[in-house]
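As structure tokens, the structure follows; a few thoughts come after it.
All residue numbers in this chain count up from 1 along the given sequence.
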Amino acid sequence: MDNIGKLRDEWGDRLHLFAYSYVHSHVVAEDLVQDVFLKLLEHNIDISEYNNIGSLLYTILKNRCLDYIKHKMVEENHMQDVVDANYLMANRYALEDESIKIITDNEIHKILRDAIAALPDTTRDIFILSKFKDKKYQEIADLYGISARQVEYHIFKAMSLLKERMGKYYLLVIFFPGLF
């Protein structure tokens, strides 16, 4: 035991510096250096048999540093996997949350209602009959006493104004008129 204490006094600082250069933590470096001396004690190594004790100490410490770094890499990969999995799960719950869908749908409906309300009266009425009441152009033309071509013009005018006012939500009116 006394020899280990002397060895520790003589080599401890150099070993600590060596370990620190790889693990970048004084606490971990100190633990790894302690492990080197414990290993000597556990295996009852007679240090007098070694011509170059420094080589033995550095070799043991190098292997301990490698083990530590490998372990940290496994831990970090596992933690990253956990973080990634939690992030994906949170995103899934957010996307599946019906309250968000309701809020989004309500916002889109409000944008559409406001844009339709801003249309000129006749254009608005013809647009509503065509898109939301599923009336044919000729039916609307007969109702208003105008030609089917004029109905087509009002629908085109309404779509142009809605596109201008609704921005990106305009496509919903075109492709999913049944939503509204």
Just verifying a value: how many Å separate [X] [atom1] and [Y] [atom2], rounded to the nearest 0.5 Å?
X	Y	atom1	atom2	value
Asp35	Glu30	CG	CD	10.5 Å
Glu139	Asp134	CD	CG	9.5 Å
Met73	Tyr68	CE	OH	12.5 Å
Leu7	Leu56	CG	CG	8.5 Å
Lys157	Thr122	NZ	OG1	8.5 Å

Would you say the side chain of Ser25 lies within less than 4.5 Å of the side chain of Asp31, judging by non-hydrogen atoms?
->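 With C-beta onward as the side chain, the pair stays apart.
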So Arg165 and Leu119, side-chain contact (heavy atoms from CB on, under 4.5 Å) or not? Walk me through it.
-> CA-CA 10 Å; Arg165 288 190 177 101; Leu119 294 173; 4.2 Å; yes
Backbone N or O of Leu40 within a donor-acceptor pair of the Asn44 side chain at under 3.5 Å?
->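 Judged by distance alone, no pair lies under 3.5 Å.
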Does Gln150 use its side chain to pair, donor to acceptor, with the backbone of Ser147 at less than 3.5 Å?
->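 Checking the backbone N and O of Ser147 against the side chain of Gln150, a donor-acceptor pair under 3.5 Å is found.
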Would Val151 and Ser130 satisfy side-chain contact (heavy atoms from CB on, under 4.5 Å), going step by step from the backbone distance to the final call?
-> CA-CA 9 Å; Val151 170; Ser130 172; 5.8 Å; no
After noting the C-alpha distance and the side-chain angles of Arg64 and Asp67, does the key distance pass the side-chain contact (heavy atoms from CB on, under 4.5 Å) rule?
-> CA-CA 5 Å; Arg64 292 296 298 130; Asp67 291 344; 3.7 Å; yes
Answer yes or no: are there more than 12 heavy-atom neighbours, outside Asp13 itself, under 6.0 Å from its atom CG?
->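 Counting other residues, nucleotides and ligands, CG of Asp13 stays at 12 neighbours or fewer.
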Tell me whether the centres of the aromatic rings in His26 and Tyr20 are closer together than 6.0 Å.
->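 Here the rings of Tyr20 and His26 have centres that are less than 6.0 Å from each other.
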Same hydrophobic cluster for [X] and [Y], using side-chain heavy-atom links shorter than 4.5 Å among ILVMFWY?
X	Y	answer
Ile69	Val36	yes
Leu41	Val33	yes
Leu17	Phe37	no
Ile140	Phe156	no
Phe132	Met159	yes

Residue pair Lys6, Asp9: steps toward the salt bridge (Lys or Arg N to Asp or Glu O under 4.0 Å) verdict | CA-CA 5 Å; Lys6 287 179 187 177; Asp9 290 340; over 6 Å; no
Could you tell me whether Lys39 and Glu42 have a side-chain N and a carboxylate O separated by less than 4.0 Å?
->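 Salt bridge absent between Lys39 and Glu42.
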Going by side-chain contact (heavy atoms from CB on, under 4.5 Å), name the residues that satisfy it together with [X], two or more places apart in sequence or in a different chain.
X	answer
Leu143	Leu129
Phe18	Tyr22, Tyr58, Leu61, Lys62
His24	none

Check step by step if side-chain contact (heavy atoms from CB on, under 4.5 Å) holds for Arg14 and Trp11.
-> CA-CA 6 Å; Arg14 288 184 269 182; Trp11 288 93; 3.8 Å; yes
Compute whether any side-chain donor of one residue and acceptor of the other, for Glu75 and His71, lie under 3.5 angstrom apart.
->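 Yes, a side-chain donor-acceptor pair sits under 3.5 Å.
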